[in-house]
Structure formats: C-alpha cells, structure tokens
Amino acid sequence: MQGSLSARTQSAMADVLNGRRRGPMAVLVFAGPAVVASVAYMDPGNYATNIQAGAGYGYTLLWVVLFANLIAMLFQALSAKLGIVTGKNLAELCRLHLPRPLVWVMWAISEVAAMATDLAEFLGGAIGLSLLTGMPLLWGMGITAVVTYAILAFEGLGFRPIELIIGALVGVIGLCYLVEVVIAPIDWGSAAQGLMTPQLADAGALIIAVGIIGATVMPHAIYLHSGLTQHRATIHSDAERGRVVHFSNIEVIAALTVAGMVNMAMVMMAASAFHSGHSDVAEIETAYHTLTPLLGAAAAGVFLVSLIASGISSSVVGTMAGQMVMQGFLQIRIPLWLRRAVTMVPAFVVVMMGVNATDALVMSQVALSIALPVPMLALVYFIGRREVMREFVSHRLTRTVAILAACVILLLDAVLLASTFGVPVPGI
C-alpha cells in the first residue's frame, strides 16, 4: 500500500531530487506520511484526557501538551528516517534482526494495541454520530465501519487519494477547533502562562499529565510512519536520500505542530467552558451536553463534527498500521476488509456488553501504554546501529535525547498503569 503512488507523483519527486523543480512547493511533493501519522495524535482517546485537563485544571497543563508534542515530533521523525534510509519498516527490521521468539511476542503485543486503537477510534466516531443524530451507539459504530471501508477502497486508485482524504479530515478537525477557540472566551494570558510554566497542582494533575503524555506517542503511529516512507520515492544516491530525510523532517514538524495546536485548543476550550463551575466534566457525552447551554448549539455541534472526523480518520489509519504490522512481523498480508473486521470485533463486543463508552476509552489507552515500549525501544535500538543505518546513523545527542524521552514516557506509563490498577505509587 505504501508504495502505490501514481506515475505523476513519482515523476514530480524525481524532478525535485534532480534539481529540476525547486522552491517551497517542492516540499509538498513529498508530503503525506506525516499528515497521515499525525491523525494518531488527534484520535478520540486524546479528547477525553484533554477535556479532563482543561475542566479540572484550567490552562495549567498546556505545558504538558507541548512537551508531549515535542517528543512525538522526535519519534515520528526518527521512524520516517528509518524507512527512508533502510527501505524497510520497523516491523520488518524487527523480524530480520531480532530473535524469532521475541518477534512473535512483539507481534502479539502489537496486535493487542491495534485492537485497543480500534476500540478508541470506533467509540469516538460512534459517540459523535450518536450525540449528533440521536442514533444508538451501535448504529454509529456500524456507520463508522462502512465509511472506513469506503475510504480504504480508494487504495485501488493509488495511495495518494487516501492521503488527500485523510488530509481533508485533519483539516476539518483543525478548522473545528479554530472555530471553538473563536467562540469560547479564551483567557490568552493564562493560556500563555500555562504553556510556558511547568506546574502540577496536585496528584490528580499528575495523573492527567501522565495520561496526556502516555497516550501521545502511539505504537501504531511509530510502526506506520516507517512503512509510509520506506518505498515512497525512488532514490538513487545517498545525497538524494539525505534530501528526502530533510523534506520528511519539515513535514513532521509542520504536521505535528498542527496536531499539537489542535490538542492545545481542546484543553483551552475545556478550560474556558468548564473549569469555572463545571470542573467535574470528565466524559465526552457530558462535555457535549454542558457545552450547549454554556457556548451555544454551534459550539457543541462543531465539537461533535471534529470528534466524528477524528474517529473516521484514525480508524482508517489504524487499519493501515495493523496491516503493516502483520505483514512486517509475519510476512502475511490479508485483505484490508478482513483486517478491518478482525480488529473491530472487540469494539462491537464492548458496546454490546453495555460497557461505559468513556471507561472503555480509558482502558484502551491503558492497553496502548502497555504496548508502547515495544516499538519505542525497537526504534531507539535500530537508529543507533551503523549496520542498519550506515552513514545515516543518528547522532549520539539525538540518540541520547530519544533514550531519555523513552525513559520518561515509560516511567509515566508505569505510573498510569499503577494508578489504574490501584497499585500504590509514592507521592501520588
């Protein structure tokens, strides 16, 4: 799937690499992978944590969103570079270089993560449709599934159309939150202070901060980005390879800056609408019903539209990532419709069992936290191996920062898991 670009797109890439096409617009020829991967940072799981952050603690946790976004930029850039330099995705490299028993364990954990990702995405889209139209939650999930299949069907026309559709949905999410920050009476001074002043008011703020960071670097996004770049351009020399990496870094910064701003807008909207008088708002449904009397039906409707776009786009991306993980680890490729069916069944089971939707979203994030060490540590391992990266091996400073970031996120994930399962944590 990742290599099915049109001849026209491939020709444009060759013109840029040969120097026949220059200027700022040249970067757009290579754009797509980071935009697709950025959907993982705006999925429905982020909605719940951002609403809790803004409602409970106002603007004071905006710095956490910024910190998490910077870490995400680093890991997505490294994942993209891995695919460009090696011509293989992260899952394939694990299969080729790691012991077979470890590979099987990594694949099994990654499949659990794929199901947890689907759970969050389907629930998000279904909740939005249910609240917007009044339809049952199960029907909303069915419609989300049908729309997802329809978008994936565009693969037959090449991968570029899917990228453009995902890009359009990302644009819808961004536009919705631009409208939200215009409607909501944001205290921009407090927002600036919260963005630049690290602080945690109490143990509850720490738990929410852990949730924000722990859910930011998503396992499937790390796998996916390396696959989207591995065969994207026909590269004839290391000089051209270096240029492609450069273009990729620019796109990662741009795409994840947009994703970060959307997440910040979510927190600011919740802080403006809920912090004074409704600080106990913690569920998506409650946030919608509370928004209507506070900011009007338009604000509440725009909120739901963004949630639906988030659920649909992230569901498509999750399916693509799951296919890539299975193919990379096991060298097995199954039809996308079957892949979609296998991973979405648990989501339907959860809803039919009557599990609270927001509780299910939280548990999906816990499952993702358990799976996160697998791709993160594997990526840090491979970017430092000269036999894999050759002269493109990452600088020691970059590797050190990546290792420190991984340690921070893994430690925070451990705190999140401990608090979720009631294990005492010192200081919390």
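By convention here, the first residue in the shown sequence is residue 1. All values derive from a computational prediction rather than experimental measurement.
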Q: Start with the C-alpha distance between Val39 and Asp43, add both sets of side-chain angles, then the distance that settles side-chain contact (heavy atoms from CB on, under 4.5 Å), and finish with yes or no.
A: CA-CA 6 Å; Val39 170; Asp43 75 356; 5.6 Å; no
Q) What residue among Val325, Val374, Leu377 forms side chain to side chain contact (heavy atoms under 4.5 Å, CB included) with Met106? A) Val374
**Q.** Single hit among Val170, Thr148, Ile173, Ile308 for side chain to side chain contact (heavy atoms under 4.5 Å, CB included) with Ser313
**A.** Ile173
Can you name the closest pair of heavy atoms from [X] and [Y] and give their distance?
X	Y	value
Ala402	Leu74	CA-CD2, 3.7 Å
Pro44	Leu307	CB-CD1, 4.2 Å
Ala205	Tyr57	N-OH, 3.0 Å
Asn50	Met266	ND2-SD, 3.2 Å

Treating [X] as the side-chain partner and [Y] as the backbone partner, does any N or O pair qualify as donor plus acceptor under 3.5 Å?
X	Y	value
Thr197	Gln193	yes
Glu251	Gly32	yes
Ser130	Met135	yes
Tyr41	Ala259	no
Ser272	Met269	no
Thr144	Ile312	no

Give, for atom [atom1] of [X] and atom [atom2] of [Y], the distance between the pair rounded to the nearest 0.5 Å.
X	Y	atom1	atom2	value
Ile222	Asn89	CD1	CG	13.0 Å
Glu163	Leu228	CD	CG	7.0 Å
Glu180	Met268	CD	CE	11.5 Å
Glu92	Gln331	CD	CD	8.0 Å
Ile166	Met320	CD1	CE	6.5 Å
Ile253	Gln76	CD1	CD	13.0 Å

Are [X] and [Y] side-chain neighbours, meaning at least one heavy-atom pair lies under 4.5 Å?
X	Y	value
Ser394	Leu78	yes
Thr133	Trp139	no
Leu169	Ile151	yes
Leu82	Leu379	yes
Arg232	Val244	no
Ile127	Leu131	yes
Met264	Asn69	no
Pro33	Ser248	no

Q: Test Val302 against Tyr177 for side-chain contact (heavy atoms from CB on, under 4.5 Å), laying out the working first.
A: CA-CA 8 Å; Val302 167; Tyr177 270 93; over 6 Å; no
Q) What residues form a ring pair (Phe, Tyr, Trp, His ring centres under 6.0 Å) with Phe247, not counting sequence neighbours? A) Phe30
Q.
Can you list everything that forms a ring pair (Phe, Tyr, Trp, His ring centres under 6.0 Å) with Phe382? Sequence neighbours excluded, please.
A. His97
Q: Verify whether one side chain among Tyr47 and Ser310 offers a donor that lies under 3.5 Å from an acceptor in the other.
A: no
(Q) Ring-plane angle category for Trp104 and Trp107, please: parallel below 30°, perpendicular beyond 60°, tilted otherwise. (A) perpendicular
Q. Checking side-chain contact (heavy atoms from CB on, under 4.5 Å) for the pair Gln230/Ile84: CA distance, chi angles, key distance, verdict?
A. CA-CA 5 Å; Gln230 67 180 116; Ile84 294 167; over 6 Å; no
Q) side-chain contact (heavy atoms from CB on, under 4.5 Å) between Leu90 and His225: does it pass, once the steps are laid out? A) CA-CA 9 Å; Leu90 181 58; His225 209 155; over 6 Å; no
